[in-house]
Amino acid sequence: MFGLSKRVQNRIPQAVLDVCHTLRDKGYQAYVVGGAIRDSLLGDVPGDWDVATDAQPGEVMSLFSKTIPTGIKYGTVTVVKDISVEVTTFRSDGIYRDARRPEDVTFSTSIVEDLQRRDFTVNAIAYDPIARKFVDPFGGIRDLRRRTLKAVGDPEERFAEDALRMLRFFRFLATLEFRPCQKTLAAVKPKLIRRISAERIRDEMSKLLLAKAPGSTLLLMHRAGLLQEILPEVAEGDGVIQGSFHRFDVLRHSLEAVDNSLPRLELRWAALLHDVAKPKLRTEDEHGIHFYRHDVEGEQIARDILTRLRYAKRFVEKVALLVRWHMFSVHAASTDKALRRFIRRVGKENVMDLLELRRADILALGRQTTCNAWQNWRTLRDRLQEILEGDTILTVNDLAIGGRDVMAALQIKPGPAVGAALEWLLEKVLDDPSLNEREILLSLLQSYENPPLLHNQQENTPLQRKH
Ligand code: ATP
Ligand code: MG
């Protein structure tokens, strides 16, 4: 026990120790609790520090010079020092009527009662940094040693009280790389998750997907029936056999792709969703198995899923774009022109992410990949990198003339027609970069005919053609 307390004690920041000392000096109890103790015992660096006390929230606020009542209803006050410390009054939760939130909370004077309301034994360990002692009534330290995740108390009751705990269960299995306690796993009741808000599900899914290799946990979630509730479109991939290149069905291939992609959230989601349209588009004929247009359809399904989970619009569009272009066809031997067109189509900022997605996709085939294939991948990456770093023309902003020049040359007013003319010039320059000179572009504009007529935009069409 001495070794363990030393391990935790050495990691506690001074600000947290100060908070505990201040509380103790006033006669209150003070424990460091939750994820910080769990992570310290595992040798990891904790993200945030939580303190539990029997002082009432009002008393906590009066003891420190700078506080924010961040969750006053649930007894939480944030004490602001060089870092923020969340101080929460011991509490036992009232009745959970809707598997979501307690109806009311009762403040308590007992640390054991406070630990009892927590979700998993490894999250229900308290440490007193002044007495240097643990309070561990549910065997959390034992479960940390066994690397087992187990509910505090009766798992069925705990999941029924708050259904988000089911998802937290899988999230912690993935991030901590723990084994599930079988009784806790068996208590998962997938339909209960319907009562939980999309935002709370999103936040747990984000953390889960950023685990080192969440694939096996996602498969376990599927076996437990929870993946079907949250991501039915992904679960559909179970048993959808693919062509001979592939060793795995669509679901397992997607999970392999997740495990093989860099731990950035947009890449992880793109890997999970890149083939999401395959189950509904599968066809088979004498030539084999096909999934025509699964990239195009997949873009919309990905957008629907992430919007449903309330991800920010920008994020949704980024992932949708990666799904849309994951089948890109440029390769190591493509012409410079083709590579420039590719970059222009997908956007500079997405090129390397698509390359990463392709890498994960290839690895997820589950077949021995030839050295040649990787050599090709590297060559393509290096060539694209070179174009991106060089001063090649890739967008209309890189053209030697701008909108004003186009308006003057074509004698048109501001509007979409100006952009259309610039795009037309860009197409020419992408084919032949040497055309990107002011005089050449202006003379090219002389032959610019019949810009597409847009409805209700008569005023933007040329008022007077030059010839
Ligand atoms: P991390 O911050 O790394 O996500 P954490 O364990 O600190 O992990 P938080 O969500 O910050 O997780 O919650 C802090 C503590 O509060 C947990 O360790 C757990 O004891 C308790 N807790 C959080 N959410 C719940 C819940 N839904 N039901 C029961 N206890 C919970
Ligand atoms: Mg935390």
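For ligands, and for the atoms within them, numbers begin at 1 and follow the listed sequence.
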What I want to check is whether the side chains of Q29 and T53 have a donor and an acceptor closer together than 3.5 Å.
no

Closest heavy-atom approach to atom 3 (O) of ligand 1 among Q116, E204, R38 is made by R38

Checking heavy-atom distances from atom 26 (C) of ligand 1 to each of M166, R165, R158, R117, the winner is R165

*Could you tell me whether the side chains of T70 and T78 share a donor-acceptor contact shorter than 3.5 Å?*
yes

Among non-hydrogen protein atoms, atom 2 (O) of ligand 1 lies closest to D48 OD1, 3.7 Å

Quick check: do E233 and K280 have side-chain heavy atoms less than 4.5 Å from each other?
no

Worksheet entry | N, O or S of D48 under 2.8 Å from the Mg ion (ligand 2) | yes

protein heavy-atom neighbour closest to atom 14 (C) of ligand 1 works out as D50 OD2, 3.9 Å

G35 heavy atoms within 4.0 Å reach ligand 1 at atoms 5 (P), 6 (O), 7 (O), 18 (O)

The answer for which part of R171 has a heavy atom under 4.0 Å from ligand 1 is side chain

Check: With a 4.0 Å cut-off on heavy atoms, is F172 touching ligand 1?
Finding: yes

Minimal heavy-atom distance between P232 and E229, with the atoms involved, is CD-O, 4.0 Å

Ligand 1 to K207, heavy atom cutoff 4.0 Å, flagged ligand atoms 4 (O)

Exercise. Where does the angle between the aromatic ring planes of H326 and H274 fall among parallel (under 30°), tilted (30 to 60°) and perpendicular (over 60°)?
Worked result: perpendicular

>> Looking at F120, I'd like to know if the NZ or CZ of R168 sits under 6.0 Å from its six-membered ring centre while staying within 45 degrees of the ring's axis.
In response: no

### Task
Please verify whether a non-hydrogen atom of D162 lies at under 4.0 Å from ligand 1.
yes

One finds that the ligand 1 atoms under 4.0 Å from a non-hydrogen atom of G34 are 18 (O)

Ranked by distance from atom 19 (C) of ligand 1, the top protein heavy atom is D119 OD1, 3.5 Å

**Prompt:** Crowded around R367 CZ? As in, over 12 foreign heavy atoms under 6.0 Å?
**Reply:** yes

Heavy-atom proximity to atom 9 (P) of ligand 1, picking from E161, R168, R118, points to R168

Original post:
With a 3.5 Å cut-off and no angle check, do the side chains of R38 and N123 form a donor-acceptor pair?
Top reply: yes

Would you say H294 and D275 are linked by a side-chain donor-acceptor pair, where the criterion is simply a distance under 3.5 Å? yes

